[in-house]
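As structure tokens, the structure follows; a few thoughts come after it.
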Amino acid sequence: ARISTPRVIYDQFREGWLLAACARDEEQRKSWFLLATSQGRNPMGEWWAWALDVRQEGDLGTGRLADWLGLSVDHNSVYLTANLFAGNGQFLHSKLRILNKKELESGSVLHGWDFWDLRNADGSPAFAIQPALNLRAAGVQYMLNTTQDGQGLTLWSVSQTPRQPPKLSRRFVPRSE
């Protein structure tokens, strides 16, 4: 498998490190989010690691391949974003995976939510969505991407209520002259 777009961030909420990357096997049409979390403050110590299948979209298994990773964390969740491509390299759409952080902290099986086929307000596919880095518990996760025509930005927000699925919203921010 080929690994791309590695990211590393410090999780100040639990005082540990997160590593993430995309991986893909183009011949077998498989793709993963690679995710690891340190078991303490020292990044040279022990880690828990996962390879999370990117291809599942609801009940449908796809052969889509991930690249252009985004990574963020807040006090409850880890946010992974990626662009998904067909086997021939054609961009299809973006994906957001939200993971329950308590499961990461114990090294257990991970559960979460996926949003895919994310679209800008004009209906065009969102490309290279980047989640904001959180320096304090904000209650909302923000993400950003440029629109395809270069005329503005799409500002995304993810809000979560305990024991409820997250809600994803977007707002168009026009380019100022």
Side-chain angles (χ1 to χ4, degrees), residues 1-26 28 30-57 64-85 93-116 118 126-146 153-169:
R2 184 176 73 87
I3 298 173
S4 64
T5 58
R7 303 283 186 258
V8 59
I9 60 173
Y10 182 73
D11 178 358
Q12 71 276 12
F13 301 103
R14 70 167 197 86
E15 298 183 341
W17 294 87
L18 286 168
L19 303 176
C22 291
R24 58 203 248 174
D25 182 328
E26 293 179 19
Q28 296 186 28
K30 293 182 178 181
S31 191
W32 305 269
F33 285 123
L34 302 180
L35 181 65
T37 184
S38 65
Q39 293 181 22
R41 291 181 184 177
N42 182 0
M44 301 306 282
E46 299 296 317
W47 290 78
W48 285 300
W50 299 265
L52 309 169
D53 195 336
V54 171
R55 300 169 300 157
Q56 197 69 26
E57 295 182 354
R64 297 186 172 125
L65 305 172
D67 206 352
W68 290 66
L69 179 77
L71 171 65
S72 189
V73 63
D74 65 18
H75 58 291
N76 292 320
S77 302
V78 172
Y79 302 87
L80 298 164
T81 60
N83 288 339
L84 298 186
F85 296 86
H93 59 257
S94 291
K95 182 171 194 161
L96 164 64
R97 180 162 293 170
I98 304 168
L99 298 168
N100 181 330
K101 197 163 93 173
K102 286 186 181 178
E103 296 166 346
L104 263 78
E105 294 169 355
S106 63
S108 64
V109 174
L110 302 181
H111 297 90
W113 297 271
D114 281 351
F115 293 90
W116 63 91
L118 302 176
F127 186 83
I129 297 173
Q130 290 300 306
L133 295 178
N134 299 295
L135 301 178
R136 62 182 175 86
V140 176
Q141 173 64 41
Y142 293 100
M143 303 177 297
L144 191 67
N145 69 280
T146 58
L153 304 167
T154 299
L155 177 63
W156 301 85
S157 66
V158 178
S159 57
Q160 291 183 326
T161 304
R163 294 181 288 283
Q164 297 292 319
K167 293 181 182 171
L168 181 64
S169 304

- request: Indicate whether the side chain of Gln160 and that of Ser77 have a donor and an acceptor atom separated by less than 3.5 Å.
  value: yes
- line: Given the options Leu52, Leu65, Asp25, Trp32 meets side-chain contact (heavy atoms from CB on, under 4.5 Å) only with Asp25
message: For a quick test of reading the model, state the closest non-hydrogen atom pair linking Trp47 to Gln39 and the distance between them.
response: O-NE2, 3.3 Å
field: Pairs where residues 43-54 contributes a residue and the test salt bridge (charged side-chain N to carboxylate O under 4.0 Å, His left out) is met, not counting sequence neighbours
entry: Asp53-Arg55
- request: Count the heavy atoms of every other residue, nucleotide or ligand shown that sit under 6.0 Å from OH of Tyr10, and state whether that count exceeds 12.
  value: yes
task: Hey, could you give me the OG1/CD1 distance between Thr81 and Ile98, rounded to the nearest 0.5 Å?
output: 11.0 Å
task: Locate the shortest heavy-atom distance separating Lys95 from Gln56; write the atom from each residue and the value.
output: NZ-O, 2.6 Å
message: Is it the case that atom CH2 in Trp48 sees more than 12 heavy atoms from other parts of the structure closer than 6.0 Å?
response: yes
task: Spell out, as yes or no, whether a donor-acceptor pair under 3.5 Å connects the side chain of Thr5 to the backbone of Leu69.
output: yes
4.5 Å side-chain heavy-atom contact, Ser157 and Ser169: yes
message: Among Val78, Asn100, Leu35, which residue satisfies the side-chain contact (heavy atoms from CB on, under 4.5 Å) criterion with Leu110?
response: Leu35
message: Looking at every non-hydrogen atom in both residues, tell me the closest pair between Phe33 and Ala82 and how far apart they are.
response: CE2-CB, 3.7 Å
query: Would you say the side-chain atoms of Trp50 pair up with the backbone N or O of Ser108, donor to acceptor, closer than 3.5 Å?
result: yes
message: With a 6.0 Å cut-off (strictly less than), is the heavy-atom count around CZ of Arg41, excluding the residue itself, greater than 12?
response: no
field: Shortest non-hydrogen contact between Asn134 and Val73, atoms and distance
entry: ND2-O, 3.0 Å
